Enquirer: 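Have a look at the structure that comes next, please.
These numbers were taken from a predicted model, which means no experiment stands behind them. All chains are named by letter (A, B, ...) in the order of the sequence lines, taking the proteins before the strands, and each is independently numbered beginning at 1. Only this structure's heavy atoms are used, side chains among them; waters, hydrogens and symmetry mates stay out.
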There are 2 protein chains.
Amino acid sequence: MTAAPQAGNELVDALEGSGYRLTEPRRAVAEMIAGRQGHFTAADLIDEARGRHPGLGRATVFRALELFASLNLVERVDLPAGEHAYVACERTHHHHAICTGCGRAFDVDDQGLVDVLAAIGRRSGFRVTTHRLEIFGLCASCQAAGVQPMPGSRPA
Amino acid sequence: MTAAPQAGNELVDALEGSGYRLTEPRRAVAEMIAGRQGHFTAADLIDEARGRHPGLGRATVFRALELFASLNLVERVDLPAGEHAYVACERTHHHHAICTGCGRAFDVDDQGLVDVLAAIGRRSGFRVTTHRLEIFGLCASCQAAGVQPMPGSRPA
DNA sequence: ATTTTTGCAAATCATTTGCATATAT
DNA sequence: ATATATGCAAATGATTTGCAAAAAT
């Protein structure tokens, strides 16, 4: 497991070759995402934009997030409370361990999970086409800092 | 993997011993849930109630779902499109394979997954407190019936 | 020049809340 | 009798949409 990368230039770079236009508003959203440590909601970015990028429209933020998600530059996650959030991620990794202390997302190597899913299919005849795994807990440094785990968590 | 049970009496029974009151509106919601095959949204139940249980209030449906979820009689799932839905489930199982053809939920034995999560913790020092796994695909009978998988699914 | 993207305001959709009334224990 | 739960309508919050103007190719 490695810390998820800072996005930003990467987002901009990826946009270049994508056939979508590299616009100023999209740059602004990419920059805000790059500046974030952990997960964030659309509302977070909209709030930030109010100060740092006035004139950036609400709808534009949603549209940029949707675009980035479709390019797998950002992934949508559902926090335990049901809130929709996003994390920046490498294009090839698709699972995250999210720290409930600091909100940071860590990429998870999912080889073991792939095997588990394959076994499910083998045993039952269910043909798995997609899955979503979200892991919540405390990263090593939040544990060291004595941050408490979320209340109400069932043990994994 | 076994097909998730029909809830209903089970919901009512569980309510009995829970310290919460067994009311007519809660019965109505339990009955509607029992009559469902697959996943459903709050809006689905509210629509159904319009015909079958007039006078049942919108807020009451949300409150009943929240209560059932807190008792682990129903689980909230996030469909691939981000929609919030629910499935009836046994109190001890906590993962589902959801068929994108018929919407039914199947309980998944998660022993292998538990091992995978434990391995993640061991390797990285991340302390896992909660996780969410949602598996989407086609059940055996939908495959047999020739139902096509969802477009846009990344292979698991 | 042409197509894509934007900002805005309004529309839509999902969910929650306040509160007086009704109901289960 | 008393605490809990309900229905309603209004409030809130999140996300989407229509469309004319602006920006990128």
Enquirer: May I ask you to list the residues of residues 77-85 of chain A, by number, that have any heavy atom positioned under 4.0 Å from an atom of DNA chain C?
Expert: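 Under 4.0 Å from DNA chain C: no residue of residues 77-85 of chain A.
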Enquirer: Decide side chain to side chain contact (heavy atoms under 4.5 Å, CB included) for B:Ile33 and B:Phe68; before the verdict, give the C-alpha distance in whole Å, the side-chain angles of both, and the deciding distance to 0.1 Å.
Expert: CA-CA 11 Å; B:Ile33 292 174; B:Phe68 293 159; 3.8 Å; yes
Enquirer: Before we go on, tell me: are the rings of B:His95 and A:His131 under 6.0 Å apart, centre to centre?
Expert: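 No; A:His131 has its ring centre 6.0 Å or more from that of B:His95.
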Enquirer: Of the nucleotides D:dT15, D:dG7, D:dT25, which has the atom closest to the A:Leu22 side chain?
Expert: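 So the side chain of A:Leu22 is nearest to D:dT25.
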Enquirer: At under 4.0 Å between heavy atoms, what does A:Arg26 touch on the DNA or RNA strands: base, sugar-phosphate, or nothing?
Expert: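 The residue A:Arg26 makes sugar-phosphate contact but no base contact.
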Enquirer: How many whole angstroms separate atom CD1 of B:Ile46 from atom P of D:dT6?
Expert: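 Checked: the CD1 to P distance equals 14 Å.
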Enquirer: Ignoring the backbone of B:Arg63, work out which of D:dG7, C:dA9, C:dG7 is nearest its side chain.
Expert: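 Of the options given, the side chain of B:Arg63 lies nearest D:dG7.
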Enquirer: Measure from CG on B:Leu45 to C1' on D:dG7 and round the result to the nearest Å.
Expert: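 Distance, rounded to whole Å: 17 Å.
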Enquirer: About how many Å separate CZ of A:Phe40 and CG of A:Asp47, when rounded to the nearest 0.5 Å?
Expert: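 CZ of A:Phe40 is found 13.5 Å from CG of A:Asp47.
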Enquirer: With side chains defined as the heavy atoms from C-beta onward, is the minimum distance between B:Met32 and B:Leu56 less than 4.5 Å?
Expert: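 Yes, side chains in contact.
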Enquirer: Output the rounded distance in Å from CG (A:Leu65) to C1' (C:dT6).
Expert: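 Atom-to-atom, A:Leu65 to C:dT6, this comes out as 15 Å.
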Enquirer: Check the distance between D:dT25's C1' and A:Glu24's CD and give it to me in whole angstrom.
Expert: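 Distance check: A:Glu24 CD to D:dT25 C1' gives 16 Å.
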Enquirer: Is any side-chain N of the basic residue among A:Glu48 and A:Arg36 closer than 4.0 Å to the acidic one's carboxylate O?
Expert: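 Here A:Glu48 pairs with A:Arg36 in a salt bridge, since their nearest N and O are under 4.0 Å apart.
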Enquirer: Please give, in whole Å, the distance from D:dC8 C1' to B:Arg58 CZ?
Expert: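 So the two atoms are 9 Å apart, to the nearest Å.
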Enquirer: Indicate, yes or no, whether a donor-acceptor pair under 3.5 Å links the base of C:dT3 to the side chain of A:Arg21.
Expert: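 Present.
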Enquirer: Among C:dA14, D:dT6, C:dT6, find the nucleotide with the atom closest to the side chain of B:Phe62.
Expert: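 Of the candidates, C:dA14 comes closest.
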Enquirer: Check whether any side-chain heavy atom of A:Val108 lies under 4.5 Å from a side-chain heavy atom of B:Phe126, and answer yes or no.
Expert: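 Side chain of A:Val108 against side chain of B:Phe126, heavy atoms only: no contact under 4.5 Å found.
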Enquirer: Can you tell me the distance, in whole Å, between the CG atom of A:Leu56 and the C1' atom of C:dT5?
Expert: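 It works out to 12 Å between those atoms.
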Enquirer: The criterion is side-chain hydrogen bond (donor to acceptor under 3.5 Å, both in side chains); which residues satisfy it with A:Arg91, sequence neighbours excluded?
Expert: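 Testing A:Arg91 for side-chain hydrogen bond (donor to acceptor under 3.5 Å, both in side chains), a comparison that skips the adjacent residues, returns none.
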Enquirer: Nearest whole angstrom, please: distance from the C1' of C:dA14 to the CG of B:Asp47.
Expert: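 After rounding, the gap between these two atoms is 13 Å.
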Enquirer: Judged by each residue's nearest nucleotide on DNA chain C, which is more toward the 5′ side, A:Leu67 or B:Ala59?
Expert: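 Closest to the 5' end, via its nearest nucleotide, is A:Leu67.
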Enquirer: Given C:dT25, D:dG7, C:dT5, which nucleotide is nearest the side-chain atoms of A:Thr23?
Expert: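 Minimum distance to the A:Thr23 side chain belongs to C:dT5.
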Enquirer: What is the distance, rounded to the nearest whole Å, between atom CZ of B:Arg27 and atom C1' of D:dT6?
Expert: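 Taking CZ of B:Arg27 and C1' of D:dT6, I get 16 Å after rounding.
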Enquirer: Could you pick out which residue, B:Glu16 or A:Ala64, lies toward the 5' side of DNA chain C when each is mapped onto its nearest nucleotide?
Expert: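 Its nucleotide being nearer the 5' end, the pick is A:Ala64.
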